[in-house]
Protein chains: 2
Amino acid sequence: MDSIVHNSVTCKKARLAIRDTLDVIGGKWKMVLLTILMDGKKRFLELSREAEISPRILSKELQEMELNGLVSRTVCNTKPVTVEYALTPYSETLKEVLEAMGRWGQQHRERIIEEIAQPQ
Amino acid sequence: MDSIVHNSVTCKKARLAIRDTLDVIGGKWKMVLLTILMDGKKRFLELSREAEISPRILSKELQEMELNGLVSRTVCNTKPVTVEYALTPYSETLKEVLEAMGRWGQQHRERIIEEIAQPQ
DNA sequence: TACAATACTATCCATTTTGTAACTACTATT
DNA sequence: AATAGTAGTTACAAAATGGATAGTATTGTA
């Protein structure tokens, strides 16, 4: 009886935590952008080109990530103004998540390819 | 020059892998459902109630997850037919991902609460 | 003055996702 | 026959997301 309560409570907490994470980095682009920025700081157009994402969406995603403290935005006074986006220290706490997802996606793809090569 | 190519290639791979993962367990419900099923097998209505998800969506999500080999569906011959959904061995490969997301969501929530308690 | 580069923003529309409500199918019980 | 429980499905509506195109603002160059 005690274990049922315990499981139910911890399970609810786990669900809530996962929802929280999805609220911050869910969606089609945020994790991809974080991955690109792990390479180093990038300018707006660089991000746009590398991720193949339209400026409208990119702008929105970056704003949200900035609000959540995951990226920093720096305006440089260059000939035409350029803006640099970079990861913040806080975004490093997501490394584990990103790496786990990267590893899984890679092994999953390998599994699919094997299945195609030699149908079970 | 070599390192640039290398980074660019590995970065593209990482992005692809993350996209692959999102294709399989992205969206509002799949990770939540997986978390609930980590508690043990559940019937359709149990899942619907616990996740607070409408039957239409639940049905669709479960079908997709079954297709991807993440959950099993077992029809039991009981008085009114019941159907049990359970995690498959393959879904266990996602444990790392789910746990990482759970941990991050929890620490993020704590951070937010602290921020509210004592605004920086 | 005209044009180009950078970083956006605005407008509009298409697609995808999610939700609501009602309904089907099967069986068992009253 | 009427009702209820389980597991869905269907039809429709609302909302979120994504994308294409063009335009703004600033500065520099030809």
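Chain A is the first sequence line, chain B the second, and so forth, proteins listed ahead of strands; every chain is numbered from 1. Only this structure's heavy atoms are used, side chains among them; waters, hydrogens and symmetry mates stay out.
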To the nearest Å, how far apart are Leu22(B) CG and dT16(C) P?
-> 17 Å
Calculate the interatomic distance between Leu45(B) atom CG and dT9(D) atom P; express it in whole Å.
-> 13 Å
Please check the phosphate of dT9(C) (OP1 and OP2 only) for any side-chain N or O of Gln63(A) closer than 4.0 Å.
-> yes
dA7(C) P sits how many Å from Glu66(A) CD, rounded?
-> 15 Å
Starting from Leu16(B), walk the hydrophobic network (Ile, Leu, Val, Met, Phe, Trp, Tyr; side-chain heavy atoms closer than 4.5 Å) and list everyone else you reach, by chain and number.
-> none
Residue pairs, two or more places apart or on separate chains, that pass side-chain hydrogen bond (donor to acceptor under 3.5 Å, both in side chains) and touch residues 67-77 of chain A = Arg73(A)-Tyr85(A)
Sub-4.5 Å side-chain heavy-atom contact between His108(A) and Thr21(B) = no
Roughly, in whole Å, what's the span from CG in Leu62(B) to P in dG8(D)?
-> 8 Å
Under 3.5 Å: donor-acceptor pair, side chain of Ser59(A), backbone of Arg56(A) = no
Provide the full list of salt bridge (charged side-chain N to carboxylate O under 4.0 Å, His left out) pairs with a residue in residues 109-120 of chain A, sequence neighbours left out, each pair given once.
-> Arg109(A)-Asp20(B), Arg111(A)-Glu115(A)
Please list, pair by pair, any protein nitrogen or oxygen found under 3.5 Å from a nitrogen or oxygen in nucleotides 15-18 of chain D.
unit_1: dG18(D); atom_1: N7; unit_2: Arg56(A); atom_2: NH2; d: 2.9

Could you pull out all residues at least two apart from Thr82(B) that satisfy side chain to side chain donor-acceptor pair (under 3.5 Å)?
-> Thr78(B)
Leu58(B) meets the side-chain contact (heavy atoms from CB on, under 4.5 Å) criterion, sequence neighbours left out, with Leu33(B), Phe44(B), Leu47(B), Ser48(B), Ile53(B), Leu62(B)
Integer-rounded Å distance: dT20(C) P and Ile53(B) CD1 = 11 Å
Arg49(A) side chain N/O closer than 4.0 Å to the phosphate oxygens (OP1, OP2) of dT6(C)?
-> no
Tyr85(B) side chain N/O closer than 4.0 Å to the phosphate oxygens (OP1, OP2) of dT6(D)?
-> no
With sugar-phosphate taken as primed atoms, P, OP1 and OP2 and all else as base, the protein-contact string of nucleotides 23-30 of chain C at under 4.0 Å (heavy atoms; B, S, -) is ----SS--
Listed by chain and number, what are the side chain to side chain donor-acceptor pair (under 3.5 Å) partners of Glu64(A), not counting sequence neighbours?
-> Lys30(A)
Sorted by first residue and then second, give each salt bridge (charged side-chain N to carboxylate O under 4.0 Å, His left out) pair with at least one member in residues 77-96 of chain A; sequence neighbours left out.
-> Lys41(A)-Glu84(A), Glu96(A)-Arg103(B)
List for me each residue that meets side chain to side chain donor-acceptor pair (under 3.5 Å) alongside Gln106(B), sequence neighbours excluded, and say none if there are none.
-> none
Nearest-nucleotide wise, let me know which of Pro55(A) and Glu52(A) is further upstream toward the 5' end of DNA chain D.
-> Glu52(A)
Rounded (10°) bend between the five-pair end axes of the helix from dT1(C)-dA30(D) to dT30(C)-dA1(D) = 30°
Cluster membership besides Ile116(A), Ile/Leu/Val/Met/Phe/Trp/Tyr side chains within less than 4.5 angstrom, sorted by chain and number, is Ile112(A)
Would you say Ser59(B) reaches dT9(D)'s phosphate, i.e. side-chain N/O to OP1/OP2 under 4.0 Å?
-> yes
Arg43(B) side chain: which of dT6(C), dT9(D), dT6(D) is closest?
-> dT6(D)
